[in-house]
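Here is the structure we will look at, set down as structure tokens.
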Amino acid sequence: MTSTIGEVYEETLRLIPTLKSYEIAIRELICYIHNFDDMSHFYLQKHQKFADLDTFRAYLARFLNGEPIQYLTKRSYFLGENFYVDNRVLIPRMETEEVAQFAIKKTKEIFGNDNINIADIGTGSGVIALSLKRHFINAQVFASDISNDALDVAKINATKHKLDVDFFHGENLIPFIAKRKNINLIISNPPYIESKLDLEKSVLGYEPKQALIVNKDNSVYEEILKNHHLVFDEKLLIIFEIGENMKKEIISLINKYTPNAQYEIIKDINKKDRIVSILITEDKMDL
């Protein structure tokens, strides 16, 4: 007897009750097997013949073994858009969506829709840079990463979404300083996890650790704040994503390198300190 998409889905949840908490992931896997662009097709095509049970079972086994669904399907959603991801880059998080949403709102508030220059440092899959380009179509958006593998993924997404972003290989502000770029908005979500012990098994086993675990000898936050004057252009907004216990450290760095700046620390939806906004309006380094 031929099984339908709906029947396979219900049978999977019945045979493996623990998957009840992963219903969305299972539906996403089924959509991937059937080349459905979004989840709505799952409901519209539930009575369609299931295309490839063997492949579905093989991928399901990998998922049950801890492999993230996003790496299996090679896609992840960010601010409602579908992006390509694989194990060369981090899977975009909800917390980072909040950072990007705040950046869009704050940038419009300060710069309007002017022809500004934006730099996304540590771009990974490129989701932040590309989301900003989508909202600020007249802006010149630059994105950098120390990983050429990550930049390859980001370029795939730029092509996929038909968005023009310039990608640079390099660390912190170095590529922008070298190319004499003046920047109005710097946004960065650098590694801030202090220990492997703080990571879940699925994260530790599959996602790139260099993009998660902080190098204590080279603080991205400090390097950006210390050298911001080298890319300064009349008015500079810096937005960071931070770890929940980093508030005091970040304020100390702000006071050290940009004592005259206006700054605020914003909590995420879980009431954890997550977003730092720093507005600098003096074209000199304050030390």
Quiz item: How far does CD of E234 sit from OG1 of T281, to the nearest 0.5 angstrom?
Solution: 11.5 Å

Practice problem: Check V8 against F56 and note the closest heavy-atom contact, atom names and distance. | Solution: CG1-CE2, 3.8 Å

Self-check item: Intermediate values then yes/no, side-chain contact (heavy atoms from CB on, under 4.5 Å), I146 and E171
Solution: CA-CA 5 Å; I146 60 172; E171 192 171 30; 3.6 Å; yes

Quiz item: Can you tell me if CD1 on I269 sees more than 12 non-hydrogen neighbours from other groups inside 6.0 Å?
Solution: no

Exercise. With the side chain counted from C-beta on, respond yes when R134 and H161 share a heavy-atom pair under 4.5 Å apart, and no when they do not.
Key: yes

Quiz item: ring-ring contact (aromatic ring centres under 6.0 Å, His included): which pairs involve residues 96-135, sequence neighbours left out?
Solution: none

Quiz item: How long is the gap from NZ on K226 to CG on L173, to the nearest 0.5 Å?
Solution: 11.0 Å

Exercise. Report the residues that fulfil salt bridge (Lys or Arg N to Asp or Glu O under 4.0 Å) with K74, sequence neighbours left out, ordered by chain and then residue number.
Key: none

Practice problem: Would you indicate whether the side-chain heavy atoms of L236 and H228 approach each other to under 4.5 Å? | Solution: yes

Practice problem: Can you tell me which residue pairs pass the side-chain hydrogen bond (donor to acceptor under 3.5 Å, both in side chains) test with a partner in residues 117-129, sequence neighbours excluded? | Solution: D120-T123

Quiz item: Is V141 close to D166 at the side-chain level, that is, under 4.5 Å between some pair of heavy atoms?
Solution: no

Quiz item: Can you get from I24 to L60 by hopping between Ile, Leu, Val, Met, Phe, Trp and Tyr side chains that sit under 4.5 Å apart?
Solution: yes

Quiz item: Given side chains that start at C-beta, do those of I186 and I121 come closer than 4.5 Å, heavy atoms only?
Solution: yes

Practice problem: I would like to know whether Q140 and N115 meet side-chain contact (heavy atoms from CB on, under 4.5 Å); could you show each step before the answer? | Solution: CA-CA 7 Å; Q140 188 165 11; N115 297 324; over 6 Å; no

Quiz item: So, K108 side chain and G112 main chain: donor-acceptor pair closer than 3.5 Å or not?
Solution: no

Exercise. Kindly give the heavy-atom pair with the smallest separation between R75 and D37, and that separation in Å.
Key: NH1-O, 4.1 Å

Quiz item: For F167, which residues count as a ring-ring contact (aromatic ring centres under 6.0 Å, His included) partner, sequence neighbours excluded?
Solution: none

Self-check item: Results of side chain to side chain contact (heavy atoms under 4.5 Å, CB included) for N148 - residues two or more places apart only
Solution: L151, H169

Quiz item: Looking only at heavy atoms, which two atoms of A261 and I278 are closest? And how far apart?
Solution: CB-CG2, 3.7 Å

Quiz prompt | Contacts of type salt bridge (Lys or Arg N to Asp or Glu O under 4.0 Å), residue E11, not counting sequence neighbours | solution = none

Self-check item: Pairwise side-chain contact, T96 with I128, heavy-atom cut-off 4.5 Å (strictly under)
Solution: yes

Exercise. List in chain and number order the residues that pass salt bridge (Lys or Arg N to Asp or Glu O under 4.0 Å) with K247, two or more places apart in sequence or in another chain; answer none if no residue qualifies.
Key: none

Quiz item: Is there a side-chain contact (heavy atoms from CB on, under 4.5 Å) between R274 and E241 once you walk through the steps?
Solution: CA-CA 6 Å; R274 185 67 60 194; E241 179 174 336; 3.8 Å; yes

Self-check item: Heavy-atom closest contact (P190 atom, V220 atom, distance)
Solution: CB-CB, 3.7 Å

Quiz item: Rounded to the nearest 0.5 Å, how far does CD1 of I110 lie from OG of S277?
Solution: 6.0 Å

Quiz item: Under a single-linkage definition using a 4.5 Å side-chain heavy-atom cutoff for Ile, Leu, Val, Met, Phe, Trp and Tyr, are V165 and I183 assigned to the same hydrophobic cluster?
Solution: no

Self-check item: Taking every non-hydrogen atom, the tightest pair across A154 and G124
Solution: CB-O, 3.5 Å

Quiz item: By side chain to side chain contact (heavy atoms under 4.5 Å, CB included), which residues pair with T55, not counting sequence neighbours?
Solution: I33, D52, Y59

Quiz item: side chain to side chain donor-acceptor pair (under 3.5 Å) with Y9: which of E23, R14, K46?
Solution: E23

Quiz item: Checking N270 side chain against K272 main chain: does a donor-acceptor pair fall under 3.5 Å?
Solution: no

Exercise. Output yes when a side-chain donor or acceptor of E98 lies under 3.5 Å from a complementary backbone atom of D268, and no otherwise.
Key: no

Quiz prompt | Smallest separation among heavy atoms of L279 and K235, with atom names | solution = CD1-CG, 3.7 Å

Quiz item: With hydrophobic residues grouped by side-chain heavy-atom distances under 4.5 Å, do L163 and L79 end up in a single group?
Solution: yes

Practice problem: Look at the side-chain heavy atoms of Ile, Leu, Val, Met, Phe, Trp and Tyr, link any pair under 4.5 Å apart, and say whether V153 and V127 land in one connected group. | Solution: no

Quiz item: What's the spacing between E28 CD and Q70 CD if we round to 0.5 Å?
Solution: 8.0 Å

Practice problem: With side-chain contact (heavy atoms from CB on, under 4.5 Å) as the test, would you mind laying out the steps for S131 and F83 before giving the verdict? | Solution: CA-CA 11 Å; S131 297; F83 290 89; 4.2 Å; yes

Quiz item: Is there a side-chain contact between V231 and N182, using heavy atoms and a 4.5 Å cut-off?
Solution: no

Quiz prompt | Donor + acceptor pair across side chains of E249, Y221 (<3.5 Å) | solution = no

Self-check item: With sequence neighbours excluded, residues passing side chain to side chain contact (heavy atoms under 4.5 Å, CB included) with Q48
Solution: I5, H34, F36, Q45

Self-check item: Pairing residues for F168 by the ring-ring contact (aromatic ring centres under 6.0 Å, His included) criterion, not counting sequence neighbours
Solution: F142, F176

Quiz item: Could you give the distance from CZ (F50) to CD (E7), rounded to the nearest 0.5 Å?
Solution: 11.5 Å

Quiz prompt | Check: L237 and N184 side chains under 4.5 Å, non-hydrogen atoms | solution = no

Practice problem: List for me each residue that meets ring-ring contact (aromatic ring centres under 6.0 Å, His included) alongside Y84, sequence neighbours excluded, and say none if there are none. | Solution: none

Quiz item: Measuring from L29:CG to R62:CZ, what's the distance to the nearest 0.5 Å?
Solution: 10.0 Å

Self-check item: Sequence-distant partners of K106, salt bridge (Lys or Arg N to Asp or Glu O under 4.0 Å), two or more places apart
Solution: E109, E264

Quiz item: Hey, are the side chains of Y32 and I69 touching, using non-hydrogen atoms and a 4.5 Å cut-off?
Solution: no

